[in-house]
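Read through the structure below, which is laid out as structure tokens, and then see the notes.
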Amino acid sequence: MELNEENEEPIKSGTTKQSKSKEKKSFWKDKKNIAIVVLIFLLFCVCATDDKEQINSLTQEKENLKNQVATLENEKAELSNKFNSSKDEEKTQLRSEIEKEYKEQIEKLTNSNTEKDDKIKNQTEQINTLTKEKKDLESQVNTLTLQKKSLEEQVSSTQTSKSKKSKTTTQTTESTSATSETSAKTSYTVYVTNTGKKYHSAGCSYLRQSQIAKDKNTAISEGYTACSRCNP
């Protein structure tokens with residue numbers, strides 16, 4: 001069985017080679033197949049020419065792009081130079097401006113500091129004067145309190161003395177009122193003349209020419225005496 005299988009294999013390989021060669025001969029004998037091959041070849045040629053043109057156009061575009069890149073690099077260099085120069089100028093301007101502002105701020109701060117120092121000095125002087133005035137006022141208050149105490153003592157003493165005096169005055173007023181009442185009881189109206197030194201009662205004959213009414217006591221105090229005729 002094994003020998004038969006080994007013998008069958010070379011037979012099959014020989015038959016396959018013969019069949020392939022026959023197929024090739026039959027393929028090239030057919031005109032349609034030849035036409036198809038020609039068309040494929042023409043298409044390949046056309047595609048190859050198109051690829052060449054595209055390659056040429058791409059190379060040209062590449063060169064153009066290189067030229068543009070070169071010009072752009074030149075412009076970039078010029079702009080960088082300008083930018084650097086402008087930067088230097090701007091830097092100098094900024095430095096000068098910053099220095100000016102810095103100086104102005106320093107001047108403002110120094111002026112404000114001097115003003116604050118002056119204010120502080122004035123305030124300290126005012127505080128010192130106020131403290132002195134406070135001390136003076138406190139001393140005045142102390143002296144016034146002492147004076148008040150002494151005055152209160154004087155007032156209390158004067159009140160006691162006044163109370164004593166008031167008691168004595170009430171007694172004297174009572175006595176004077178009593179005397180005045182007695183004198184009022186004894187006193188009455190009399191009449192005097194312009195020329196005489198006698199006081200008369202109403203209806204006396206000496207009162208024909210003139211008569212002046214007076215109180216008896218006042219008439220007596222003025223030096224008048226009683227009339228002997230009417231005996232007032």
Verdict with supporting geometry, E75 and L72, side-chain contact (heavy atoms from CB on, under 4.5 Å): CA-CA 5 Å; E75 289 178 355; L72 289 170; 3.8 Å; yes
How long is the gap from NZ on K134 to CD1 on I127, to the nearest 0.5 Å? 12.0 Å
Starting at CD of E61, measure out to CD of Q68 and round the result to the nearest 0.5 Å. 10.0 Å
Considering non-hydrogen atoms only, spot the tightest contact between T129 and Q126 and give its length. OG1-O, 2.6 Å
Quick one, T218 and Y224 - any side-chain contact, counting heavy atoms below 4.5 Å? no
Identify the two heavy atoms, one from Y191 and one from A202, that lie closest to each other, and give their separation to 0.1 Å. CE1-CB, 3.7 Å
Using the rule side chain to side chain contact (heavy atoms under 4.5 Å, CB included), only one of V190, N194, T193 pairs with I212; which is it? N194
Measure the CD1-CD distance between I220 and E222 for me, rounded to the nearest 0.5 Å. 11.0 Å
Which residue, R229, H200, K198, forms the side chain to side chain donor-acceptor pair (under 3.5 Å) with Y206? R229
Quick one: NZ on K108 to CD on E101, what's the gap to the nearest 0.5 Å? 9.5 Å
Is atom CD of Q209 surrounded by more than 12 heavy atoms (other residues, nucleotides or ligands) closer than 6.0 Å? no
Would you give the length of the straight line joining atom CG of L144 to atom CG of L151, rounded to the nearest 0.5 angstrom? 10.0 Å
Here the gap from Q140 atom CD to T143 atom OG1, rounded to the nearest 0.5 Å, amounts to 6.0 Å
